[in-house]
Amino acid sequence: MAAYELMIETNRRLIAGELLTDAEKKEIVSRFLNAANFPKQAICYGVEPISKARRPLFFLPPQNGGKKLKTVMGQMPKTHILNGNMYELEILRLLLLFAPDDPMVIEMTAQTLNRLKSTCFGYYGCSVGECFDAALVVLRFLIVAAPDETVWIKKIIDMYYNYKTEKKRVKAVDSYFRLCLSELTGELADRGAS
């Protein structure tokens with residue numbers, strides 16, 4: 001099973017409430033870490049060049065003749081911004097859940113958080129096109145990677161509510177946002193439900 005299929009299947013199982021054994025978690029972590037790229041090896045995988053900040057660093061989607069990968073909720077991305085960031089952030093999120101103390105996971109997370117702070121979709125509230133969708137992927141990642149970044153998390157929640165009706169969106173976007181809300185805790189959960 002490739003990293004993408006492993007990420008989708010692991011998410012499916014977790015969303016369904018299945019419990020994974022420690023051995024399964026260890027195997028998932030091992031397979032993801034073995035699939036990781038490192039910035040020296042990172043390449044621009046799109047037809048059009050995109051800024052380095054918007055491009056994943058550690059987990060680049062496989063190049064399937066330009067074919068993009070469906071999101072966790074089954075949405076087919078139109079852009080590399082959503083495709084690449086969904087792939088990387090969902091994998092990093094699982095690594096954080098299963099191996100939060102692993103030095104490689106800690107380093108990849110720190111670099112990814114820094115990268116996301118310089119993106120329009122991840123930090124500055126851009127709602128244009130699939131930047132809106134990619135922001136929700138950032139939200140789900142932040143809930144695990146940086147739960148203390150409440151201002152940042154609230155900013156993405158507010159962006160969702162302010163722009164969700166700006167244009168017709170696929171149903172998977174709303175479903176993904178609801179998934180994010182289900183993973184929030186405390187004050188942030190109250191904020192998201194409002």
What pair of heavy atoms forms the shortest contact from [X] to [Y], and how long is it?
{"X": "K70", "Y": "I8", "answer": "O-CD1, 4.0 Å"}
{"X": "F59", "Y": "F32", "answer": "CE2-O, 3.1 Å"}
{"X": "S127", "Y": "E166", "answer": "OG-OE1, 3.4 Å"}
{"X": "G129", "Y": "K167", "answer": "CA-NZ, 4.1 Å"}
{"X": "P56", "Y": "G84", "answer": "CG-O, 3.3 Å"}
{"X": "K117", "Y": "Y124", "answer": "O-CE1, 3.5 Å"}

| query | Among I28, V29, V144, which one satisfies side chain to side chain contact (heavy atoms under 4.5 Å, CB included) with L95? | reply | V29
Side-chain heavy atoms of [X] within contact of [Y], under 4.5 Å:
{"X": "K164", "Y": "M159", "result": "no"}
{"X": "L184", "Y": "L181", "result": "yes"}
{"X": "F121", "Y": "L116", "result": "yes"}
{"X": "I143", "Y": "C180", "result": "yes"}
{"X": "L69", "Y": "M76", "result": "no"}
{"X": "I15", "Y": "V72", "result": "yes"}
{"X": "F98", "Y": "T10", "result": "yes"}

Atom pairs and distances, donor-acceptor, side-chain atoms in residues 99-107, under 3.5 Å, two or more places apart:
{"unit_1": "D102", "atom_1": "OD1", "unit_2": "M104", "atom_2": "N", "d": "2.8"}
{"unit_1": "D102", "atom_1": "OD1", "unit_2": "V105", "atom_2": "N", "d": "3.2"}
{"unit_1": "E107", "atom_1": "OE2", "unit_2": "Q111", "atom_2": "NE2", "d": "2.7"}

Report, one line per pair, each donor and acceptor closer than 3.5 Å where one atom sits in a side chain of residues 134-141; sequence neighbours left out.
{"unit_1": "R140", "atom_1": "NE", "unit_2": "E183", "atom_2": "OE1", "d": "2.9"}
{"unit_1": "R140", "atom_1": "NE", "unit_2": "E183", "atom_2": "OE2", "d": "3.2"}
{"unit_1": "R140", "atom_1": "NH1", "unit_2": "N11", "atom_2": "OD1", "d": "3.0"}
{"unit_1": "R140", "atom_1": "NH1", "unit_2": "E90", "atom_2": "OE1", "d": "2.8"}
{"unit_1": "R140", "atom_1": "NH1", "unit_2": "E90", "atom_2": "OE2", "d": "3.1"}
{"unit_1": "R140", "atom_1": "NH2", "unit_2": "N11", "atom_2": "OD1", "d": "3.2"}
{"unit_1": "R140", "atom_1": "NH2", "unit_2": "E183", "atom_2": "OE2", "d": "2.9"}

| request: Please check if V170 and Y161 belong to a single hydrophobic cluster, counting links between Ile, Leu, Val, Met, Phe, Trp and Tyr side chain heavy atoms closer than 4.5 Å. | output: yes
| How far apart are the C-alpha atoms of D133 and T79, what are their side-chain angles, what is the distance that settles it, and do they pass the side chain to side chain contact (heavy atoms under 4.5 Å, CB included) test? | CA-CA 10 Å; D133 310 52; T79 65; over 6 Å; no
| field | Trace of the ring pair (Phe, Tyr, Trp, His ring centres under 6.0 Å) decision for F132 with F177 | value | CA-CA 11 Å; F132 182 90; F177 182 71; 8.5 Å; no
Distance check, rounded to the nearest 0.5 Å: [X] atom [atom1] versus [Y] atom [atom2]?
{"X": "F58", "Y": "I91", "atom1": "CZ", "atom2": "CD1", "answer": "12.5 Å"}
{"X": "C126", "Y": "Y163", "atom1": "SG", "atom2": "OH", "answer": "9.0 Å"}
{"X": "K26", "Y": "L20", "atom1": "NZ", "atom2": "CG", "answer": "15.5 Å"}
{"X": "M86", "Y": "Y176", "atom1": "CE", "atom2": "OH", "answer": "8.5 Å"}
{"X": "M7", "Y": "E5", "atom1": "CE", "atom2": "CD", "answer": "9.0 Å"}
{"X": "M108", "Y": "N37", "atom1": "CE", "atom2": "CG", "answer": "10.5 Å"}

Do side-chain atoms of [X] reach the backbone of [Y] as a donor and acceptor pair under 3.5 angstrom?
{"X": "S182", "Y": "L179", "value": "yes"}
{"X": "K155", "Y": "Y123", "value": "yes"}
{"X": "E149", "Y": "L142", "value": "no"}

| query | side chain to side chain contact (heavy atoms under 4.5 Å, CB included) between K68 and H80: does it pass, once the steps are laid out? | reply | CA-CA 8 Å; K68 295 174 182 68; H80 291 294; 4.1 Å; yes
| query | Where do E88 and L92 land on the side chain to side chain contact (heavy atoms under 4.5 Å, CB included) test, with the steps shown first? | reply | CA-CA 6 Å; E88 177 167 84; L92 281 173; 3.8 Å; yes
| query | Any side-chain donor-acceptor pair under 3.5 Å between D174 and Y160? | reply | yes
| task | Go through the structure and list residues passing salt bridge (charged side-chain N to carboxylate O under 4.0 Å, His left out) with E18, not counting sequence neighbours. | result | R12, R13
| said: Quick check on side-chain hydrogen bond (donor to acceptor under 3.5 Å, both in side chains): which of R55, R115, E130 does N85 satisfy it with? | reply: R115
